Every structure is written in structure tokens, then in C-alpha cells.
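The structure appears below as C-alpha cells.
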Amino acid sequence: MPQQSRKIALVTGSTDGVGRFVAERGRAVVATIAALGGGARFLPADLSDLAAVRGLADRVAKAAPRLDLLINNAGIGSGGTGAQRQVNAAGVELRFAVNYLAGFALTAHLLPLLRKSAPARVVNVASVGQRAIDFDDVMLERSYSGGRAYMQSKLAQVMFTFDLAQRLAGTGVTVNCLHPATYMATTMVRQAGVNPWSTVEEGGQAILQLAASPVVEGRSGLYFNGLAESRADAQAYDSKARAKLWALSLQLAGLTDEGI
Ligand SMILES: NC(=O)c1ccc[n+]([C@@H]2O[C@H](COP(=O)([O-])OP(=O)(O)OC[C@H]3O[C@@H](n4cnc5c(N)ncnc54)[C@H](OP(=O)(O)O)[C@@H]3O)[C@@H](O)[C@H]2O)c1
């Protein structure tokens with residue numbers, strides 16, 4: 001981030017794909033700023049496991065005196081093993097758990113640090129692939145497909161973004177989300193058997209815009225398609241649906257509204 005003081009960012013899913021580009025790019029930016037002394041640490045965690053998410057947050061809070069930026073980027077696509085319904089150890093549908101619930105819980109655990117570090121930013125890497133959540137079958141026990149699981153998890157990220165932005169109004173912590181780019185040349189796209197349409201650089205630039213650009217400074221609760229502000233699926237603007245998702249997420253994550 002183009003600031004004089006040392007800034008600290010946490011990028012999930014930075015071992016591969018667009019997250020790796022963002023993490024490496026962030027590192028390069030850090031390396032070029034006057035203060036130098038920037039660096040990166042790899043904190044392994046299986047984000048399908050909420051105890052591991054908690055552990056990651058604890059390690060971050062212990063190691064980092066501040067947190068200026070959190071990018072919830074880790075995710076699994078619709079292809080590969082996604083053809084069959086999978087659940088985590090707690091029985092939560094796997095794409096809902098990794099793509100959405102992990103980011104929800106990680107952000108909630110790190111909010112005290114983010115608030116303390118304000119101005120700070122949260123960026124949720126969602127997708128233009130969104131599908132309305134059926135609250136009678138969120139775990140997709142009746143109507144599973146890999147695509148449906150992926151798309152409902154991505155819309156959940158957008159809904160979470162909008163709600164959290166409202167809750168954090170006036171705190172100096174902004175929350176935005178985006179579709180980085182369509183079919184970037186990454187592992188998840190290869191696993192889906194799709195020929196890439198775009199590069200990780202394109203998607204990475206879109207993520208970095210929300211992460212560091214003055215264009216969105218102080219702005220919150222936005223959904224971007226690449227570099228342009230856009231509109232998400234209609235369910236994201238349905239406050240009742242968002243409230244249902246919020247309540248379910250708290251319950252699944254074993255959290256309460258206190259402190260959020
Ligand atoms: N590719 C696209 O065209 C596209 C389009 C729209 C949105 N997106 C979104 O962009 C984000 C990044 O996707 P990508 O295309 O860069 O994917 P990718 O190359 O497959 O990378 C996914 C990253 O997420 C991590 N991850 C997956 N499951 C995890 C788990 N259980 N615990 C911890 N980390 C986990 C992976 O870690 P490992 O290396 O350990 O597996 C990897 O670092 C995702 O949220 C995706 O939905 C991508």
C-alpha cells in the first residue's frame with residue numbers, strides 16, 4: 001500500500017492463482033516503498049475447518065500489531081471433486097464453508113484488530129457467478145451441483161459484504177467485494193476444464209484497486225465487476241435474505257453479534 005508507515009495485509013489463498021499474484025505484488029510494492037523492511041509470512045491453515053480459521057486469526061492477532069488490509073480470497077471452484085457434494089468435518093457443505101463461512105469467521109475474529117488499525121480495508125473476492133440462496137436447502141442436500149454450490153457461496157460473500165459495511169459505518173473499516181476477472185488462468189479454472197479468458201494480472205489489478213486505490217477510499221459496501229462498480233444478484237439487495245444469512249452464519253460459526 002502506498003503509505004509511509006509500515007502496513008500489514010493478510011491475503012488468504014495466496015499459495016496459488018490470483019491470491020498468489022496479489023501477495024507477490026503486495027510484497028513487491030512493500031519492497032519499493034521508502035521504509036523497506038517489508039516482508040511476508042506464510043501462515044498455513046485449512047479454511048474448511050472453523051477451528052483452524054480461529055487459530056489463524058489468533059496467530060495473526062499475536063504476530064501483527066495492526067492489520068490494515070484483509071483479503072478473503074481463498075476458494076474452491078465448481079470443478080474437480082466438486083461434482084460430488086462434499087461437507088467439512090462439521091457437516092457444512094464444503095464450498096459454503098471454504099468460500100464463504102471461513103471469510104465470515106476470519107473477518108469477525110479479526111475485527112478488533114482491523115478497527116484498531118483504521119483506516120483499514122476488507123476485500124472479499126467473490127464472483128459474477130452468483131445464485132440466490134434457497135434458505136430451505138442451504139447445505140444443498142436436495143439440489144446439489146458444483147456450480148450451484150460455488151455460486152451460492154459467492155453470493156453469500158456479497159451479502160456479507162453489504163451487511164458488514166453497514167455495521168462498520170463510521171469506524172474507518174471499509175468492506176467491498178468483487179468479481180476479479182472471468183476465467184483467469186488458475187488452478188480452479190483448469191479443474192473446471194475451461195480454457196482461460198483472462199490473466200491473473202487482470203483479476204489481480206481489480207483486487208488491488210479495492211485493496212489500495214484512493215478511488216475507493218472511505219467507500220464501503222460496494223460490488224465491483226473487475227475495475228468497474230456493478231450490481232450483484234437481486235438477493236444481495238434483499239435485507240431480509242441478508243438477515244437470514246447473517247443469523248445462520250453466526251450460528252454455524254459459533255459467534256454472536258457482540259463486537260461485530
Ligand atoms: N479464476 C477465476 O476466473 C475466478 C473468477 C471469479 C472469482 N474467482 C475467485 O478468486 C479467488 C481465487 O481463485 P483462483 O482462481 O486464484 O483459485 P486457485 O488458483 O485455485 O487458488 C485458490 C487458493 O485458495 C486456497 N484454498 C482453497 N481451499 C482452501 C482451504 N480449504 N484452506 C485454505 N486455503 C484454501 C488454495 O490453497 P492451496 O494452494 O493450498 O490449494 C489457493 O491458494 C476465489 O475466491 C475464486 O472464487 C476466481
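In listed order, ligands and their atoms are each counted from 1. All of these numbers come straight from a predicted model, not from anything done at the bench.
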Is it the side chain, the backbone, both or neither of Ser198 that has a heavy atom closer than 4.0 Å to ligand 1?
neither

For Met151, the other hydrophobic cluster members (4.5 Å side-chain criterion, sorted by chain and number) are Tyr150, Tyr183, Met188, Val189, Val194, Trp197

Test side chain to side chain donor-acceptor pair (under 3.5 Å), reference Thr107, set Asn124, Asn72, Thr161, output is Asn72

Please check if any side-chain donor atom of Ser230 sits under 3.5 Å from a side-chain acceptor atom of Asn225, or the reverse.
no

For ligand 1 and Asp46, I'd like to know whether there is a polar contact (N/O to N/O, distance under 3.5 Å).
yes

I'd like to check whether Val98 has a polar contact with ligand 1, where a contact means an N/O of the residue lying under 3.5 Å from an N/O of the ligand.
no

Describe, in one word, how the ring planes of Trp246 and Phe104 are oriented to each other, choosing from parallel (under 30°), tilted (30 to 60°) and perpendicular (over 60°).
perpendicular

Please say whether Leu47 places an N or O atom under 3.5 Å from an N or O atom belonging to ligand 1.
yes

Quick note on ligand 1: atoms under 4.0 Å from a heavy atom of Ala45 include exactly 32 (N), 33 (C)

Quick one: does ligand 1 sit under 4.0 Å from the side chain of Ala102, the backbone, both or neither, non-hydrogen atoms only?
neither

Can you tell which of Ala52, Ala192, Gly75 gets a heavy atom nearest to atom 27 (C) of ligand 1?
Gly75

Side-chain contact, heavy-atom cut-off 4.5 Å: Ile260 with Leu250?
yes

Residue portion contacting ligand 1 (non-hydrogen atoms closer than 4.0 Å) for Val189:
side chain

Tell me the protein heavy atom at minimum distance from atom 8 (N) of ligand 1, and give that distance in Å.
Tyr150 OH, 3.7 Å

Arg20: heavy atom below 4.0 Å from ligand 1, yes or no?
no

Under-4.0 Å salt bridge between Glu93 and Arg148:
no

Residue portion contacting ligand 1 (non-hydrogen atoms closer than 4.0 Å) for Thr15:
both

With a heavy-atom distance limit of 4.0 Å, tell me whether His179 approaches ligand 1 through its side chain, its backbone, both, or neither.
side chain

Under 6.0 Å between ring centres, would you say that holds for Tyr237 and Phe162?
yes

For Val128 against Tyr223, the heavy-atom pair lying closest together
CA-OH, 3.4 Å

Measure Gln191 to ligand 1 on non-hydrogen atoms and call it side chain, backbone, both or neither using the 4.0 Å cut-off.
neither

